[in-house]
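Following this message is one structure expressed as C-alpha cells.
Just so it is clear: chains get the letters A, B, ... in the order the sequence lines come, proteins before strands, and each one is counted from 1. None of these values were measured; they are calculated from a predicted model.
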Number of protein chains: 2
Amino acid sequence: MTTPPHRGDVPHRPKVAVMEDVAELAGVSAMTVSRVLNAPEKVRPETRARVLAAVQELGYRPNSAARVLVTGRSGVLGVVSFDTTQYGPASTLYAIERAARQNEYSVSIASLDALNRRSIAEGVGRLTSQSVDGVIIVAPHESATDGLRHLPPDLPVVAVDAGDGVPFPVVMVDQHAGAARATRHLLSLGHRTVWHLSGPANWVDASARVAGWRSVLEAEGREVREPLAGDWSARSGHELGRRLASEDDLTAIFVANDQMAMGLLRALREAGLRVPEDVSVVGFDDIPEAAYFWPPLTTVRQDFATVGRLAFQLVLDRIDGVLGERRLKVEPELVVRESAGVRPPG
Amino acid sequence: MTTPPHRGDVPHRPKVAVMEDVAELAGVSAMTVSRVLNAPEKVRPETRARVLAAVQELGYRPNSAARVLVTGRSGVLGVVSFDTTQYGPASTLYAIERAARQNEYSVSIASLDALNRRSIAEGVGRLTSQSVDGVIIVAPHESATDGLRHLPPDLPVVAVDAGDGVPFPVVMVDQHAGAARATRHLLSLGHRTVWHLSGPANWVDASARVAGWRSVLEAEGREVREPLAGDWSARSGHELGRRLASEDDLTAIFVANDQMAMGLLRALREAGLRVPEDVSVVGFDDIPEAAYFWPPLTTVRQDFATVGRLAFQLVLDRIDGVLGERRLKVEPELVVRESAGVRPPG
DNA sequence: TTCCCGAGTGTTTGCGATAACACTTATTCC
DNA sequence: GGAATAAGTGTTATCGCAAACACTCGGGAA
C-alpha cells in the first residue's frame, strides 16, 4: 500500500475558482462566461445576470497569464527610468501610472543603474520578457539616445526627454524655451549678462537649457561666460556657488535646477552676498519647496504631470496602431518669486 | 476555391521565435530547450551548447505568460504605495526595485489616490489580477491598517510602516526611537521643553513620532505643549511656524519632517528669530537637501534603502514559504548639523 | 411552406511553456 | 551475465482562457 503522492502534505489549498467553475455554477459553458466578461452585449441579459452572480459568489478573477497567452495582450505598460528618487522622474512616473490606471493598464518599472546603451537595452529586455504591451523610456541622457536606436522595432516605445534622432515619438518639456524665458527675465531686470550653472554634460535637459540660455544672450549681444556644470545636487550647487561668488561682475545667475539653486543660495549668503539685492537667481523645475527657499525662488515650472499623461497617450496610440505625433513639447512657465530682482546700481 | 483566411492581409510579421523553433534548429525536443533554460545541469554540455546557439541565433526569449500559466509563478512583485513623488516612498520603492532586480524579480506598481480600505483592496486587486507572486504595501496611514486586515490570506504580503495589528510582517524605521533621540538631543542642549510640529493625524509615522517625543518629555518631567499638525509640506510648516513664532517660551522645536522644517525655518526668520541662536530646530528624514538648508538642518536620518531591501527579503521568504520575522525595525540616526544649539540665556 | 438569417450559446482547438512520466543507452554492482 | 541504476532525452497532458467555427431556435421574407 503506497501513500498517495503530494496529498496531505499540502494543507489543501481552497484552489481559486477558474472560468469553468463559474460556468458550472451558472449552468452555462465557459465560453459564455468569457463572453460576459469581454463582450457582454452578446449575451442575453438574464444569462449575463446569472453568470455575474456566479462570478460574484466564487470571487472569480480571470487569470491574466492565460488571457495574455491567447490574446497576445497583457494590459501592462513598462516604464524604464533612471533615478526615480528625484522629483522630476518621480512625478513623471506618477503621472504615467495615473493615466495608465484610468485606461485599465498597469505599470511595471525597470530602474537603471547607469545610463548607457547596454543598460537601457537590458532594462527594456526585462520589461519585454514580462510581455508588456508598450514601453515608456524616461532616460534623459544623451548616451541613452544611442541605446534607443537599437530596440526591437515592432515594440511600441515612447521616450520622455530624449534627444533628437530617436526612431519613435518623444514627449518633452521645451527646455530651450524655458531657459530662454528665465534668461530674458533676468535681462529684463537690467542685468548686463547672466551666468549659468548647468546640469551635468550629456544630459539632454542640461544641454537644452544651456542652449536656450546661450541663444538669448547671443541674440541680445551679451557676454557669454562659460557655464559651470554641476550634478543636479544641492551639494554641487553649493560648491560651484563658492567659486562663482568671487566673480566681480556677478549679478545674475540662471541655475539648471532648483536643488542646485538651493546650494547656490547658501554659498552666496556665506560669501556675504544678498539675494536678490546683490545677486539674482532663477532656478528650474519649481519643486514644491521652491516657494519656501530663502528667498523664495523664481524658477521655471515643468509640468511633469502633463508630460506623463501625453507619453501614456502616445504609447497607447502606438499600441493601437495609430501613428501620432513624433515630438510633443510641453510649455514650461516662469514662476516669479523673490530671488530675482533689479540689477544693483554700480 | 476559397482564399485562405487571415493571410496576406497582415503584412507578415516576422513572428517571434518560440521554444519549438529553437528545438527544431538545435535538433532536439522542446523539452530539452526548456531544460537548458531552467536546469542546465541536466543536459549534456554539447547538447546545451547547440541549444544555446540556437537561442542566440533566433533571439529567442521565453514567453512569460506561458510559463506563468504552467508554473503558477510570475517573477513579478507588486508594490502598492501612496504618493511616490515624496522622497520617502520614492526611495523605498527604488530600494525595493533594486533588491527585486538582483533576485530576478521585476516590480509592478499600483499607486493609491486615497488611503482607505477600499482603495487599498482595489490596489492589491489590480496587482493580483496581474498574477504577482507577492505584494509590498507602502501605505503608512492608519486607515490602511483596516484595509490590510481584509486581504486574501494566502497572498504573501509585507507592509512598510504599518501600524500594529496587521496580520503579516511589517518593516519600519523605528520612528519612536528617532523622535526620542531628536527630543533628547534638544533637551541635552539645555532647552526646558521641546515643541512639536507633527505630521497629519492618522499617519502611523506621525503618531509614532509624537509618541516618541512625548515619552521623552514625560520621562524627564518637562511640560508637554500640544503639537501642531501639518501635512508634511513646506507650506504647512511655514504656516504653523508663523503661529508658533509668537509663543514666548519657544526655544526648541522638533519637526516631523524636513520639508516642514524648511517652511518653519522661513517663518521663524520672517518673525525675526534667529536659528539656532534664538530657536533650535530638528527635522526628520534627512532628505539630500537638508545639509543645504539655512542653517544646515540637524535631523534624523531614515535609512529607506535598508527598509526597501528588508521588505523585499521578507516577501521573498514568504513566497518561498519561509515564515520570518513579524516586525523588523530599522534604527534611525541623528545627524547633527547647525540648526540646533544651546538654549539662549534668559 | 420553405428558406434564410441572426441572436445566443456550445464545442473544439491552440496559445507556449513545464510537470510528470516513459523511454533509451551506458554504467555499476553483485 | 543480468538486474538495477543513472544520465540524457522525448512524449503527453495540462495550465486558463478566447478565437473560430458549429449548432439551435425563432421570426421574417419569398
Side-chain angles (χ1 to χ4, degrees), chain A residues 2 4-7 10 13 15-51 54-55 58-75 128-131, chain B residues 2-7 9-10 13 15-52 54-55 58-75 128-131 133:
Chain A
T2 54
H6 308 298
R7 287 262 176 252
V10 176
R13 277 272 183 79
K15 198 169 95 55
V16 302
V18 301
M19 196 173 266
E20 191 59 45
D21 303 328
V22 176
E24 205 165 320
L25 181 58
V28 297
S29 74
M31 196 58 230
T32 297
V33 177
S34 175
R35 272 189 278 255
V36 168
L37 267 27
N38 300 307
E41 75 284 358
K42 294 194 175 171
V43 177
R44 207 179 334 140
E46 59 234 59
T47 314
R48 197 190 308 163
R50 274 211 326 278
V51 169
V55 165
L58 296 177
Y60 168 73
R61 315 213 43 178
N63 177 312
S64 73
R67 175 181 273 164
V68 173
L69 190 55
V70 66
T71 62
R73 279 213 175 193
S74 63
T128 49
S129 75
Q130 296 293 337
S131 350
Chain B
T2 55
T3 46
H6 309 298
R7 286 261 177 255
D9 35 357
V10 176
R13 276 272 183 79
K15 201 170 94 57
V16 305
V18 300
M19 195 173 269
E20 191 59 45
D21 302 329
V22 176
E24 205 166 319
L25 181 58
V28 297
S29 75
M31 196 58 232
T32 298
V33 177
S34 174
R35 272 189 279 254
V36 169
L37 268 26
N38 300 306
E41 75 284 357
K42 295 193 175 173
V43 177
R44 203 176 341 138
E46 60 233 59
T47 313
R48 196 190 310 161
R50 267 204 339 269
V51 170
L52 255 18
V55 166
L58 297 177
Y60 169 73
R61 315 214 42 179
N63 178 313
S64 73
R67 175 181 274 164
V68 173
L69 189 56
V70 67
T71 61
R73 277 204 170 204
S74 63
T128 49
S129 74
Q130 295 292 339
S131 357
D133 290 344

(Q) Quick one, A:R50 and A:V36 - any side-chain contact, counting heavy atoms below 4.5 Å? (A) no
Q.
Can you tell me which nucleotide in C:dG14, C:dT18, C:dG16 comes closest to the side chain of A:V70?
A. C:dG14
Q | Gap separating the CZ atom of B:R48 from the CG atom of B:L37, nearest 0.5 angstrom | A | 12.0 Å
Q. Taking all atoms of both residues into account, what is the closest heavy-atom pair of B:V16 and B:D21, and its distance?
A. O-OD2, 4.1 Å
Q: Using a cut-off of strictly less than 4.0 Å, decide whether A:N63 has a side-chain nitrogen or oxygen near OP1 or OP2 of D:dC15.
A: no
Q. C:dT11 P sits how many Å from A:M19 CE, rounded?
A. 15 Å
Q) What's the shortest heavy-atom distance between B:S64 and A:S131, and which atoms? A) OG-OG, 3.0 Å
Q: Work out how much the helix from C:dT1-D:dA30 to C:dC30-D:dG1 bends between its end axes, five pairs an end, to the nearest 10 degrees.
A: 50°
Q) Which of these nucleotides, C:dA19, C:dG16, D:dC17, is closest to any side-chain atom of B:V18? A) C:dG16
Q: May I have the distance from A:R67 (atom CZ) to D:dA18 (atom P), rounded to whole angstrom?
A: 5 Å
(Q) At under 4.0 Å between heavy atoms, how does the protein contact nucleotides 5-10 of chain D? Give one character per nucleotide, 5' to 3', with B, S or -. (A) ---SBB
Q. Shortest non-hydrogen contact from A:V28 to A:T47?
A. CG1-CG2, 3.8 Å
Q) In chain order, what residues pass the salt bridge (Lys or Arg N to Asp or Glu O under 4.0 Å) check against A:R61, with sequence neighbours excluded? A) none
**Q.** Over all atoms of both residues, closest heavy-atom pair of A:A54 and A:A26
**A.** CB-CB, 4.0 Å
Q) Nearest-Å distance, CG (A:L69) to P (C:dG14)? A) 14 Å
Q. Closest heavy-atom contact between B:E20 and B:A30?
A. OE1-CB, 3.7 Å
Q: For residues B:A65 and A:V68, report the shortest heavy-atom separation together with the two atoms involved.
A: CB-CG1, 3.6 Å
(Q) Without decimals, in angstroms, what is the distance between A:R73 CZ and C:dC15 C1'? (A) 17 Å
Q | Whole-Å distance separating the CG atom of A:L37 from the P atom of D:dG16 | A | 16 Å
